[in-house]
Amino acid sequence: MGTAFIILLVLAFFILMSSFFTVKQQTSIVIERFGKFQSVRNSGLQLKIPLVDRIAGRVNLKIQQLDVIIETKTRDNVFIKMKVSVQFKVIQEKVYEAFYKLEYPHDQITSYVFDVVRAEVPKLKLDDVFERKDDIAVAVKRELNEAMSTYGYDIINTLVTDIDPDIQVKNAMNRINAADREKTAAEFEAESSRIRIVAKAKAEAESKRLQGQGIADQRREIARGLVESVEVLNNVGINSQEASALIVVTQHYDTLQSIGSDANSNLILLPNSPQAGSDMLNNMVASFTASNQVGEMMKKTNKKVEKHKPTPPQSGYEDDAAPEI
C-alpha cells in the first residue's frame with residue numbers, strides 16, 4: 001500500500017509540473033483542448049490543464065525574410081533573373097489566422113511575388129527595369145499586403161535586390177556603354193584640340209603682329225640713323241649721294257664681318273641680280289683663260305732654261321777603238 005501511494009504522488013507531481021510552461025519573447029503558443037482551439041499564450045510563464053490542454057504549435061513573431069528568385073521576360077524580349085526579398089511578420093493579434101488559415105505561408109508569398117513580377121516586368125524594357133525597380137517593389141508590396149493581411153501577415157518591405165540579364169546581354173550593354181564613353185571622350189579630345197589650335201593661331205597672330213611692329217620700329221630707327229649719318233657727312237663736305245654710297249659700303253662690309261666672325265657658319269654669298277649668272281660665267285671663263293695663259297708661259301720658260309743648261313763632259317774611252325785580242 002505504501003509503494004502504490006508513493007507512485008501516485010510521483011505521478012501527481014509530474015502531472016502538476018507539466019501544467020506549467022514558458023513562452024519565449026517574440027513568440028506565441030497556440031493551445032488546443034481536445035483538438036479544439038483554446039487560446040493563444042504570449043511570452044512568460046503560462047499554465048494549462050494537464051492531460052486536457054496541449055500545445056498545438058509555436059508562431060514566430062519576429063520579422064522574417066524570404067528571398068524569391070524569378071525568371072521573366074522584358075518588353076524587348078530579354079530574359080532576366082530577378083531576386084525579390086520580402087520582409088514580413090505575423091501580426092500578434094492575428095496569430096489564430098496565421099496558424100490555422102495558411103499551411104505553407106512561404107509558398108503563398110512566393111506565388112504572389114511571381115504573379116506580380118511577371119505582370120509588371122513584361123511591360124518594361126530592360127533599361128526601364130533597372131530604372132524602375134523601386135516601382136516593381138512597391139507593386140509587389142501592395143499586392144502582398146492586400147492578400148496576406150487576411151491571413152494575419154504584415155508585409156514590412158519588399159526589395160528588388162538583384163537584376164541579372166543573360167551574360168551576352170550584359171556584354172552587349174557593356175560594349176554599348178564603352179562605345180558611348182569613347183564617343184564622349186573623342187568629343188572632348190576634339191574640343192580640346194580645337195581650343196589648342198585656336199589658342200596657337202591667336203598666339204602666332206599676336207607674335208607676327210609684334211614682330212611686324214618690331215621690324216617697323218627697327219626700320220624707323222635705321223632710317224633715323226641714316227638721316228643723322230647723312231647730316232654728319234654733309235657737315236664735313238660730303239654730298240648726299242657720296243654719303244649714301246659710303247653708308248651702303250660700310251653696312252656691306254659690317255655684314256660680311258659679322259658673318260665671317262662665326263667659325264661654324266656655312267653661309268655662301270652669291271650675287272642674285274638678273275645679270276649675275278652671266279657675270280659669274282664670264283668671270284669663270286676669264287679665270288680659266290688667264291690660267292691657261294699662265295700655264296703656257298710657264299712651259300715656255302721651262303724650255304728656255306733647259307736649252308741654256310751646259311752639256312756634261314764625256315769619257316775619253318768612247319772614241320778609242322776596242323783593243324784587239
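Below, all heavy atoms of this structure are taken into account, side chains as well, without hydrogens, waters or symmetry copies. Note that the structure is predicted; figures quoted are calculated from it, not measured.
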Item to complete: May I ask whether Leu66 and Val160 are part of the same hydrophobic cluster, defined by side-chain heavy atoms of I, L, V, M, F, W, Y residues being less than 4.5 angstrom apart, directly or through others?
Response: yes
Discussion item. Heavy-atom count check: over 12 atoms from other residues, nucleotides or ligands less than 6.0 Å from Gln168 CD?
Written reply: no
Worksheet item: Between Lys89 and Asp154, does at least one N-O distance fall below 4.0 Å, as a salt bridge requires?
Response: no
Worksheet item: Is atom OH of Tyr151 surrounded by more than 12 heavy atoms (other residues, nucleotides or ligands) closer than 6.0 Å?
Response: no
Fill in: Pairwise side-chain contact, Ile49 with Ser19, heavy-atom cut-off 4.5 Å (strictly under)
no
Worksheet entry | Main-chain N/O of Ser111 paired with Asp115 side-chain donor or acceptor, under 3.5 Å | no
Worksheet item: Judged by atom type as modelled, is there a donor-acceptor pair below 3.5 Å linking the side chain of Thr158 to the main-chain atoms of Ala137?
Response: yes
Worksheet item: Between Thr110 and His106, is there a donor-acceptor pair closer than 3.5 Å when you use the side chain of the first and the backbone of the second?
Response: yes
Practice prompt. Could you check Leu144 against Tyr153 for side-chain contact (heavy atoms from CB on, under 4.5 Å), going step by step and ending with a plain yes or no?
Written response: CA-CA 9 Å; Leu144 282 176; Tyr153 285 86; over 6 Å; no
Worksheet item: With distance as the sole criterion, is a donor-acceptor pair present between the side chains of Glu32 and Gln38 under 3.5 Å?
Response: no
Discussion item. Measuring from atom CG of Asn77 to atom NZ of Lys125, what distance do you get when rounded to the nearest 0.5 angstrom?
Written reply: 11.0 Å
Discussion item. Just by distance, no angles: are the side chains of Thr184 and Arg181 close enough, under 3.5 Å, to form a donor-acceptor pair?
Written reply: no
Discussion item. Donor-acceptor check, side chain of Asn171 to backbone of Ile167, threshold 3.5 angstrom: yes or no?
Written reply: yes
Worksheet item: Is there side-chain contact between Ile163 and Lys133, with at least one heavy-atom pair below 4.5 Å?
Response: yes
Practice prompt. Check whether any side-chain heavy atom of Leu124 lies under 4.5 Å from a side-chain heavy atom of Ile136, and answer yes or no.
Written response: yes
Item to complete: Indicate, with yes or no, if Phe114 and Leu102 share a hydrophobic cluster defined by side-chain heavy-atom contacts under 4.5 Å among Ile, Leu, Val, Met, Phe, Trp and Tyr.
Response: yes
Worksheet item: Between Lys123 and Arg75, what is the shortest heavy-atom contact and its length?
Response: O-CD, 3.7 Å
Item to complete: Give the minimum heavy-atom separation between Val52 and Arg33, together with the two atoms involved.
Response: CG1-CG, 3.5 Å
Worksheet item: To the nearest 0.5 Å, what is the distance between CZ (Arg175) and CG (Asp180)?
Response: 14.5 Å
Discussion item. Before you tell me yes or no, could you show the steps for Glu187 and Glu191 under side-chain contact (heavy atoms from CB on, under 4.5 Å), namely the whole-Å CA-CA distance, both residues' side-chain angles and the distance that decides it to 0.1 Å?
Written reply: CA-CA 6 Å; Glu187 291 176 354; Glu191 181 65 17; over 6 Å; no
Worksheet item: Going from CG on Asp134 to NZ on Lys141, what distance comes out if it is rounded to the nearest 0.5 angstrom?
Response: 12.0 Å
Practice prompt. Would you mind reporting whether Glu97 and Thr150 have side-chain heavy atoms less than 4.5 Å apart?
Written response: no
Discussion item. Using every non-hydrogen atom in the two residues, find where Val86 and Phe88 come nearest and quote the distance to one decimal.
Written reply: O-CD2, 3.8 Å
Practice prompt. With rounding to the nearest 0.5 Å, note down the distance linking CD1 in Ile91 to CG in Leu61.
Written response: 10.5 Å
Worksheet item: Rounded to the nearest 0.5 Å, how far does CD of Glu131 lie from CG of Leu126?
Response: 10.0 Å
Discussion item. For a quick check under 3.5 Å, do Glu143 and Asn145 share a side-chain donor-acceptor pair by atom type?
Written reply: no
Item to complete: Begin from the C-alpha positions of Thr72 and Ile80 and carry the test side-chain contact (heavy atoms from CB on, under 4.5 Å) through to its verdict.
Response: CA-CA 6 Å; Thr72 183; Ile80 60 174; 4.1 Å; yes
Worksheet item: Is Val138 close to Val140 at the side-chain level, that is, under 4.5 Å between some pair of heavy atoms?
Response: no
Discussion item. So does Asn42 get a backbone contact from the side chain of Gln46, meaning a donor-acceptor N/O pair under 3.5 Å?
Written reply: yes
Practice prompt. Could you state whether Phe21 and Val59 fall into the same hydrophobic cluster, counting links through intermediate Ile, Leu, Val, Met, Phe, Trp or Tyr residues with side-chain heavy atoms under 4.5 angstrom apart?
Written response: no
Item to complete: Taking atom types as modelled, find out whether Arg194 and Ser192 have a side-chain donor-acceptor pair closer than 3.5 angstrom.
Response: no
Worksheet, complete the sentence: Nearest heavy-atom contact between Leu47 and Arg41 is O-NH1, 2.6 Å
Worksheet item: Taking C-beta and beyond as the side chain, do Ile29 and Ile31 meet within less than 4.5 Å on heavy atoms?
Response: yes
Fill in: Carboxylate-amine/guanidinium proximity below 4.0 Å for Lys81 and Glu71
no
Fill in: Polar side-chain atom of Ser207 near backbone of Ala203 as donor-acceptor pair, under 3.5 Å
no
Discussion item. Taking the side chain as everything from C-beta on, heavy atoms only, tell me whether Val84 gets closer than 4.5 Å to Ile70.
Written reply: yes
Item to complete: Answer yes or no: is there an ion pair linking Glu206 with Arg209, defined by an N-O contact shorter than 4.0 Å?
Response: yes
Discussion item. I'd like to know whether Lys73 forms a side-chain contact (heavy atoms from CB on, under 4.5 Å) with Val78, so could you lay out the CA-CA distance, the side-chain angles of the two residues, the decisive distance to 0.1 Å, and finally the verdict.
Written reply: CA-CA 5 Å; Lys73 179 177 72 70; Val78 177; over 6 Å; no
Worksheet entry | Under 3.5 Å donor-acceptor, Thr161 side chain and Lys83 backbone | yes
Practice prompt. Look only at the side chain of Arg132 and the backbone of Val121, and say whether a donor-acceptor pair between them is shorter than 3.5 Å.
Written response: no
Worksheet, complete the sentence: When rounded to the nearest 0.5 Å, the distance separating CZ of Phe79 from CG of Asp164 is 14.5 Å
Worksheet item: If you take all heavy atoms of Gly152 and Lys94, which pair is closest and at what distance?
Response: CA-CB, 3.6 Å
Worksheet item: Do Phe130 and Pro165 have side chains that get closer than 4.5 Å, going by heavy atoms?
Response: yes
Worksheet, complete the sentence: Looking only at heavy atoms, the pair that brings Val90 and Asn60 closest together is CG2-O, 3.8 Å
